[in-house]
2 protein chains.
Amino acid sequence: MLAKLEMFLALSKEQHFGRAAQSLGITQPTLSTGLKQLEDQLGVQLVRRGSRYGGLTPEGQRALTWARQIVGDARRLREEMRFSREGLAGHLRLAVIPTALTWASRLAAGFSARHPNVAFTILSRNSAEIFTMLDNLESDAGLSYLDNEPLGRVSTVELYRETYTLVCAPDHPLAARAEIGWDELSGSRLCLLTPDMQNRRIVNAAFRAAGCEPVALMESNSTVVLVSHVATGAWVTVLPGDLAHFLASGKGLAIVPIRGAAPGHAVGLVAPWQEPHTPVLQALLDEAAELAND
Amino acid sequence: MLAKLEMFLALSKEQHFGRAAQSLGITQPTLSTGLKQLEDQLGVQLVRRGSRYGGLTPEGQRALTWARQIVGDARRLREEMRFSREGLAGHLRLAVIPTALTWASRLAAGFSARHPNVAFTILSRNSAEIFTMLDNLESDAGLSYLDNEPLGRVSTVELYRETYTLVCAPDHPLAARAEIGWDELSGSRLCLLTPDMQNRRIVNAAFRAAGCEPVALMESNSTVVLVSHVATGAWVTVLPGDLAHFLASGKGLAIVPIRGAAPGHAVGLVAPWQEPHTPVLQALLDEAAELAND
DNA sequence: TTCTGCAATAGAGAAACCATATCGCTTTGC
DNA sequence: GCAAAGCGATATGGTTTCTCTATTGCAGAA
């Protein structure tokens, strides 16, 4: 039954019998009959078929929620038992918004120092993707904005609040300023994150609140691209102060605080809400709480 | 794996391999090897053994929490799929504190009128037992006091607030009173619920708040016993108004409101907190919410 | 000590599982 | 239109897993 639910999850993710089977290390006929048995046991059709995968039925959609819960808990059970054998060990998968990547490193480094047997995978993702990955059991925790997110379904630990700064070449006209307003940036050649990133939407909102429209002549989903463009001289970008200092250091770039951007959006650790948490995850939450207090 | 977890749950409940096996409709060797395989898969010993069942190990204790969650969700999945086949049908098991039994009937009757294919089992239990049964998947919902209970782990719908009344024979010295104080009862021959009942603890507290000690010369865990004793003439008891009227009707017993007992403890429906609720349970919560509004 | 109740183990038959091979249908490309 | 390719269902057989009966081993009680 649990194996069948795993098959169902894989199928709903891959949307393709062959690939789903492959992802589980079984053959397509096995998955095909497995799903059929699951449907028989539940007495409902879960997947629409007509010589192709045709999406989930409404019942399948509902079942998917339960399947995720059940399979997720089963994995957490195994992990917790492994913990009681081997102590804190295993693999933590984090999905992180680009502007929080340095904090992810800080968090992971601190954690690793205490629990050297835990391996990390840190993926850069936008905030919507982060929550999808948590739902799909593809990541264990994330670093993302804590505002306007479906709280109640996740545990959160606030790490810091973003403050925005301008990054530009040292010979740029704005580089000498002690402070600058959002409205003064509209004349510059702006590099900004792509609109699927929440950071970009926040920056957009800040521009509009200052009465001007943000025009990004250059967009990327990578902050490295933004800063390397700025380093070519003609461009400017807006980044959270922390990340700006990290990326600009050693390149002689200027960093100018932006006025009225002081107590920005909260960023922190998010993890699926569970009662109780798995030991590794609990340790991560503790680590984050400690990091936030420094 | 799921089957193994069921075995584990049954064993932890029955504390005996043979009985646990019987309760699952399998033989003792099957359960024995099943549990061994579960332990092998998890790599941990879950049960202490030495030619006898010797209780759970600490790991087993932790695993039990997850097992309950997983098995419970699997059952809920099956039930929800059955719902999408057959509409609202099945079996609801309620555990109810004795003083709320009339409300349980009211709730079940209303629900049954709307959803005639749902069968009910209503058990009278004390409030501690109710929460144990919810945890152990032995009941689907309960009616109990909502104060000082582990909220957050349960969904609740308040139904009413208890007000306390004195029940006595019509020729009893107190029967003619329009109202009475707690302190005036200490001279009477009191029948009260047993101390494991939360209602009794509330009554005790009310007595003590009035400056006197409650002395129950007769205790029972059944309100029927209390009232039938009162009907013999020499005794009095304290019951919530609703139940007092129900049990005393037709017996010529007197019911006297007790002063200062006005907005008493909240009583309502409690159900395991789940996201989302199963359709039958959701319908029950809706029914309770409606009943509360009348 | 013997007896009794409990859980583990052995062994055999049944059931479930999973892979290879293949079919039927749909879509795609020419 | 037709051939080719992609996709999922089905058939079949070998292997594993499951679960039963029968039995053994062990500890506490008489």
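Just so it is clear, the values below take in all heavy atoms, side chains as well, and ignore hydrogens, waters and symmetry mates. To find a chain, count down the sequence lines: A is the first, B the second, and so on, and within it residues start at 1.
Put simply, CG on A:D40 is 12 Å from P on C:dC17, counting in whole angstrom units. One interatomic measurement links the two molecules: CG of B:L38 to P of C:dA8, which rounds to 13 Å at whole-angstrom precision. Atom CG of A:L2 is separated from atom P of C:dC17 by 13 Å (rounded to the nearest Å). D:dA9 atom P lies 12 Å from atom OH of A:Y53, rounded to whole Å. Rounded to an integer number of Å, the gap from B:L35 CG to C:dC6 C1' is 15 Å. Here the C1' atom of nucleotide C:dG24 and the CZ atom of A:R49 are 16 Å apart, to the nearest Å.
Applying a 4.0 Å cut-off to non-hydrogen atoms, none of the residues of residues 9-19 of chain A approaches DNA chain C.
Under the 3.5 Å distance criterion, the side-chain polar atoms of A:H16 are matched with a main-chain donor or acceptor of A:G18.
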Practice task
Go through A:R85 and B:E59 one step at a time and tell me if the salt bridge (charged side-chain N to carboxylate O under 4.0 Å, His left out) criterion holds.
Solution key: CA-CA 9 Å; A:R85 287 201 313 274; B:E59 295 80 29; over 6 Å; no
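Between B:E80 and B:R75 no salt bridge is recorded (no basic side-chain N to carboxylate O distance below 4.0 Å). At a threshold of 4.0 Å, the pair B:R49-B:E39 counts as salt-bridged, since one of the basic side-chain nitrogens sits closer than that to a carboxylate oxygen.
The salt bridge (Lys or Arg N to Asp or Glu O under 4.0 Å) analysis of residues 118-132 of chain B, with sequence neighbours excluded, yields no pairs.
Shown here is B:Q45, whose CD atom has more than 12 heavy atoms of other residues, nucleotides or ligands within 6.0 Å.
A pairwise comparison of heavy atoms in B:L281 and B:P272 identifies CD2-CD, 4.5 Å as the closest pair.
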Problem - Nucleotide-resolved protein contact map, nucleotides 13-30 of chain D, B/S/- at heavy-atom distance under 4.0 Å - result: -----SSBBB----S---
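Side-chain atoms of B:I70 and A:L77, non-hydrogen and from C-beta on, do get closer than 4.5 Å to each other.
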